[in-house]
Amino acid sequence: MTDLADVRRFYARLMAANAGPADPRLEDVFGAVPREAFLGPGPWMVVAGNGKVETPSADPVHIYQNVLVALDADKGINNGEPFLHAMWIGKVAPKPGETVTHVGAGTGYYTALLAQLVLPGGAVTAFELESSLADRARQNLEAYGNVTVIHGDAVIGSPPPSDIIYVNAGVAAPTAEWLKALKPGARMVFPWRPAERVGLAVMVSRTEQGFACDPFMRSWFIPCIGASSAGPATKIDRDKAARSRSIWLIADKAPDATATAVIGDVWFSSQSIGGGRSQ
């Protein structure tokens, strides 16, 4: 018999190692939050490339791996890749007392991890557009007193002032309201899909001079309804997108020759906040 506690401890070590030299609390948090509590009853459907494989049983040992577990197979919604989220969470570096907005919370697994990392004193507001998933997230997160789950569209509203905005649905660009909601020194990570075949993870940091950005890896998420289409006039390839080093509100600064993409109310520039230009 495989001991579940041993499996979870090893899984947590793997997640912390994949996050790199980040917060040492990551291993504790990944070990403490039970993944199976957010997946519904097993056996579970694991996404494998273009196919799906059902776990041999409802034993949770099967899902303490770097696997995607389907939440709504018909809509292509899954629980997310643990390695990727460990890296992203390590990169945005939640701290005790901080306020997090989670866009696309699903059933709440990564919301729970974020909620643990901002204790004591911090709070998470989790948005989920799919009503069935929002209901499940609300139930799954009842024990987490610092989480508020909102069944609603984070694209059309204004999130609360945030130290971190953690986006788990592909967007053509972050909304102007998301950028405005970032407090000084705040961070946002989002899956950027400015064109159909371009998918990048972008880290944004709000500085005194503006919004610095770093497209740090390839990434692909399901589209964020209402924010995933850049429009037919937008033409950008991955190399050009990867040269982006800052984001600007058009209301604050008009696009110039450094623009790598102009989408809606915002534009991306190859020029860093400090003045340097990406090659």
Side-chain angles (χ1 to χ4, degrees), residues 8 11-12 14-16 18-20 22-39 66 68-69 71 77-130 133-134 136-152 154 159-169 171 174 178 181-183 185-191 201-206 216-217 219 221 224:
R8 286 176 63 178
Y11 167 82
L14 284 177
M15 295 306 115
N18 199 64
D23 190 335
R25 298 176 303 151
L26 281 174
E27 182 174 340
D28 293 337
V29 169
F30 270 99
V33 176
R35 191 181 187 197
E36 66 272 21
F38 297 84
L39 301 178
N66 186 45
L68 300 172
V69 180
L71 297 177
I77 301 173
N78 60 64
N79 182 245
E81 182 186 16
F83 270 1
L84 178 145
H85 285 278
M87 184 188 300
W88 283 23
I89 292 172
K91 200 166 183 68
V92 296
K95 299 177 180 62
E98 291 194 317
T99 300
V100 180
T101 296
H102 188 186
V103 178
T107 56
Y109 177 54
Y110 300 106
T111 311
L113 296 169
L114 292 165
Q116 292 288 89
L117 289 166
V118 296
L119 288 175
V124 181
T125 301
F127 287 87
E128 175 52 52
L129 187 59
E130 293 286 339
L133 297 183
R136 289 172 63 181
R138 195 172 289 111
Q139 294 171 12
N140 294 338
L141 293 163
E142 280 182 348
Y144 297 80
N146 62 333
V147 176
T148 301
V149 177
I150 297 175
H151 170 220
S162 304
D163 296 293
I164 293 171
I165 298 181
Y166 194 78
V167 184
N168 291 161
V171 298
W178 293 356
L182 292 172
K183 299 177 183 179
R187 294 85 67 204
M188 170 167 55
V189 63
F190 68 95
V202 178
M203 174 78 167
V204 177
S205 302
R206 184 165 194 171
F216 62 93
M217 66 179 287
S219 182
F221 278 68
C224 181

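Any value given below was found using the heavy atoms of this structure, including those in side chains, with hydrogens, waters and symmetry copies removed. This structure is a prediction, so every number in the text was calculated from the model and none was measured. One-based numbering along the sequence shown.
- Not one N or O on the side chain of Asn18 forms a donor-acceptor pair closer than 3.5 Å with the backbone of Leu14.
- Distance check, rounded to the nearest 0.5 Å: CE of Met15 to CG of Leu84 gives 11.0 Å.
- For the pair Glu98 and Arg187, the salt-bridge criterion is met [side-chain N within less than 4.0 Å of a carboxylate O].
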Any chance you could lay out the side-chain contact (heavy atoms from CB on, under 4.5 Å) test for Phe190 and Met203, step after step, and finish with the verdict? CA-CA 7 Å; Phe190 68 95; Met203 174 78 167; over 6 Å; no

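- Under the 3.5 Å distance criterion, the side-chain polar atoms of Asp163 are matched with a main-chain donor or acceptor of Thr99.
- In terms of heavy-atom proximity, Pro159 sits nearest to Ala181 at CG-CB, 3.6 Å.
- A heavy-atom distance below 4.5 Å is found between the side chains of Tyr166 and His85.
- You'll find the side chain of Phe216 stays beyond 4.5 Å of the side chain of Val202, heavy atoms only.
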After noting the C-alpha distance and the side-chain angles of Val69 and Asn78, does the key distance pass the side-chain contact (heavy atoms from CB on, under 4.5 Å) rule? CA-CA 5 Å; Val69 180; Asn78 60 64; over 6 Å; no

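- Between the Arg8 side chain and the Gly31 main chain, a donor and an acceptor come within less than 3.5 Å of each other.
- Nearest approach of Ala134 to His151, heavy atoms of both residues: CB-CB, 3.7 Å.
- In this structure, CD1 on Ile150 lies 13.0 Å from NE2 on His102, to the nearest 0.5 angstrom.
- Under the 3.5 Å distance criterion, the side-chain polar atoms of Glu128 are matched with a main-chain donor or acceptor of Glu130.
- In this structure, Val124 and Thr148 have side chains that are not in contact, with every pair of non-hydrogen atoms separated by 4.5 Å or more.
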Between Met217 and Trp88, is a side-chain contact (heavy atoms from CB on, under 4.5 Å) present by the stated rule, with each step listed? CA-CA 10 Å; Met217 66 179 287; Trp88 283 23; 3.5 Å; yes

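- Taking all atoms of both residues into account, the shortest heavy-atom contact from Gly104 to Asn168 is O-CB, 3.5 Å.
- Under the 3.5 Å distance criterion, the side-chain polar atoms of Asn146 are matched with a main-chain donor or acceptor of Ala115.
- Side-chain N or O atoms of Trp178 include one that pairs as donor or acceptor with a backbone N or O of Ala154 at under 3.5 Å.
- Between Arg136 and Leu71, the shortest heavy-atom distance links the atoms NH1-O, 3.8 Å.
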side-chain contact (heavy atoms from CB on, under 4.5 Å) assessment of Ile164 paired with Met188: CA-CA 5 Å; Ile164 293 171; Met188 170 167 55; over 6 Å; no

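- At least one side-chain heavy atom of Asn79 sits under 4.5 Å from a side-chain heavy atom of Arg35.
- Considering every non-hydrogen atom in both Ala86 and Ala19, the closest pair reads O-CB, 3.3 Å.
- Judged by distance alone, with hydrogens and angles left aside, the side-chain atoms of Asp23 form no donor-acceptor pair with the main-chain N or O of Ala93 at under 3.5 Å.
- For Tyr11 (side chain) and Asn66 (main-chain N/O), no donor-acceptor pair under 3.5 Å exists by modelled atom type.
- Residues Ala123 and Val118 come closest through the heavy atom pair N-CG2, 3.7 Å.
- Using a 4.5 Å heavy-atom threshold, the side chains of Ile89 and Leu114 count as touching.
- By the 4.5 Å heavy-atom criterion applied to side chains, Val167 and Val189 are not counted as neighbours.
- Residues Leu141 and Thr111 meet the side-chain proximity criterion, which asks for heavy atoms closer than 4.5 Å.
- Counting heavy atoms from C-beta on, the side chains of Val33 and Phe38 come closer than 4.5 Å.
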